[in-house]
**Q** 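Sharing a structure here in structure tokens format.
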Amino acid sequence: METNRVLQPGFNAQVYALVRQVPPGQVTTYGDVAGLLGARRVARHVGFALAALTDPEVPWHRVINAQGRVSFKGDPVRAGEQRRRLEAEGVVFDATERVNLSKFRWDFKNLELLPLP
DNA sequence: GGTTTGACCATAA
DNA sequence: CTTATGGCCAAAC
């Protein structure tokens with residue numbers, strides 16, 4: 001038996017592809033992206049993939065955690081930038097710095113028409 | 001090759 | 001509300 005690897009090669013490319021499809025003014029969560037890739041457990045690795053991201057085409061700032069909050073741990077500078085960019089796109093932050101996911105969460109089912117690599 | 005770490009999540013108290 | 005705990009998987013040390 002080969003090792004049961006949940007993450008397949010190209011996982012991070014899939015993450016980028018999905019995140020790239022999130023339109024301005026909408027957000028998604030790590031867990032949702034992970035779930036769409038077949039395994040909700042790998043939510044951490046979605047963040048991991050984005051941490052290694054250098055492609056400016058990928059709107060990494062539209063990915064937040066399941067609590068509707070910006071999730072950066074060691075880099076509050078980028079967290080502030082993330083919030084600034086989201087607000088510039090029309091995403092509204094609560095007084096507690098939370099986003100109403102019920103309202104701004106992007107439904108990936110809308111993009112059946114878009115091809116994945 | 002075991003231990004630590006990580007842009008997470010859900011649940012419990 | 002916050003904090004703690006367990007789970008999960010892979011990469012880095």
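Model, not experiment: these values are computed from the prediction.
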**Q** Could you check if a side-chain atom of A:Phe104 sits within less than 4.5 angstrom of a side-chain atom of A:Glu89, using non-hydrogen atoms only?
**A**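 Answer no - side chains too far apart.
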**Q** Side-chain contact test, heavy atoms from C-beta onward, threshold under 4.5 Å: evaluate it for A:Glu57 versus A:Arg20 and give yes or no.
**A** yes
**Q** Could you tell me whether the side chain of A:Ile64 reaches within less than 4.5 Å of the side chain of A:Gln82, counting heavy atoms only?
**A** yes
**Q** Quick one, A:Thr28 and A:Arg62 - any side-chain contact, counting heavy atoms below 4.5 Å?
**A** no
**Q** Any side-chain heavy atom of A:Asp94 sitting closer than 4.5 Å to one from A:Asn100?
**A**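 No, every pair of side-chain atoms sits at 4.5 Å or beyond.
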**Q** Counting heavy atoms from C-beta on, name the nucleotide in C:dT2, B:dC9, C:dC8 closest to the side chain of A:Arg40.
**A**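 Ranking C:dT2, B:dC9, C:dC8 by closest atom to the A:Arg40 side chain puts B:dC9 first.
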**Q** Identify each atom pair where a protein N or O and an N or O of nucleotides 2-7 of chain B are less than 3.5 Å apart, giving names and distance.
**A**
residue	atom	partner	partner atom	Å
B:dG6	N7	A:Arg44	NH2	3.3
B:dA7	O3'	A:Ser71	OG	3.3
B:dA7	N7	A:Ala51	N	3.2
B:dA7	N6	A:Leu50	O	2.9
B:dA7	N3	A:Tyr30	OH	3.2

**Q** Name every residue in residues 96-103 of chain A that has at least one heavy atom under 4.0 Å from any atom of DNA chain B, in order of residue number, or write none if there are no such residues.
**A** none
**Q** Going by heavy atoms in the side chains, are A:Val42 and A:Phe48 under 4.5 Å from each other?
**A**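 No, every pair of side-chain atoms sits at 4.5 Å or beyond.
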**Q** Is there a side-chain contact between A:Leu101 and A:Thr29 in this structure, where contact means two heavy atoms from C-beta onward sitting under 4.5 Å apart?
**A**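 Sidechains of A:Thr29 and A:Leu101: in contact.
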**Q** Checking the side chain of A:Glu97 only, and the main-chain atoms of A:Phe93 only, is there a donor and an acceptor separated by less than 3.5 Å?
**A**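 Answer holds: no.
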**Q** Got a list of protein N/O to nucleotides 11-13 of chain B N/O distances below 3.5 Å?
**A**
none

**Q** First locate atom CZ of A:Arg85, then atom NE2 of A:His61, and finally report the distance between them rounded to the nearest 0.5 Å.
**A** 4.5 Å
**Q** Check whether any side-chain heavy atom of A:Val22 sits under 4.5 Å from a side-chain heavy atom of A:Val27, and report yes or no.
**A**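 Of all side-chain heavy-atom pairs linking A:Val27 with A:Val22, none is under 4.5 Å.
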**Q** Can you figure out which of C:dT2, C:dC8, B:dC9 approaches the side chain of A:Ala43 most closely?
**A** B:dC9
**Q** Could you tell me how far apart A:Phe11 (CZ) and C:dA11 (P) are, to the nearest whole angstrom?
**A** 10 Å
**Q** Give the rounded distance in Å between these two atoms: CZ of A:Arg41 and C1' of C:dG6.
**A**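 The answer, rounded to whole Å, is 15 Å.
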**Q** Is the backbone N or O of A:His45 less than 3.5 Å from a side-chain atom of A:Tyr30, with the two atoms forming a donor-acceptor pair by type?
**A** no
**Q** Taking the C1' atom in each of B:dG1 and C:dC13, what is the distance between them to the nearest angstrom?
**A**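 My reading of the C1' atoms in B:dG1 and C:dC13 gives 11 Å.
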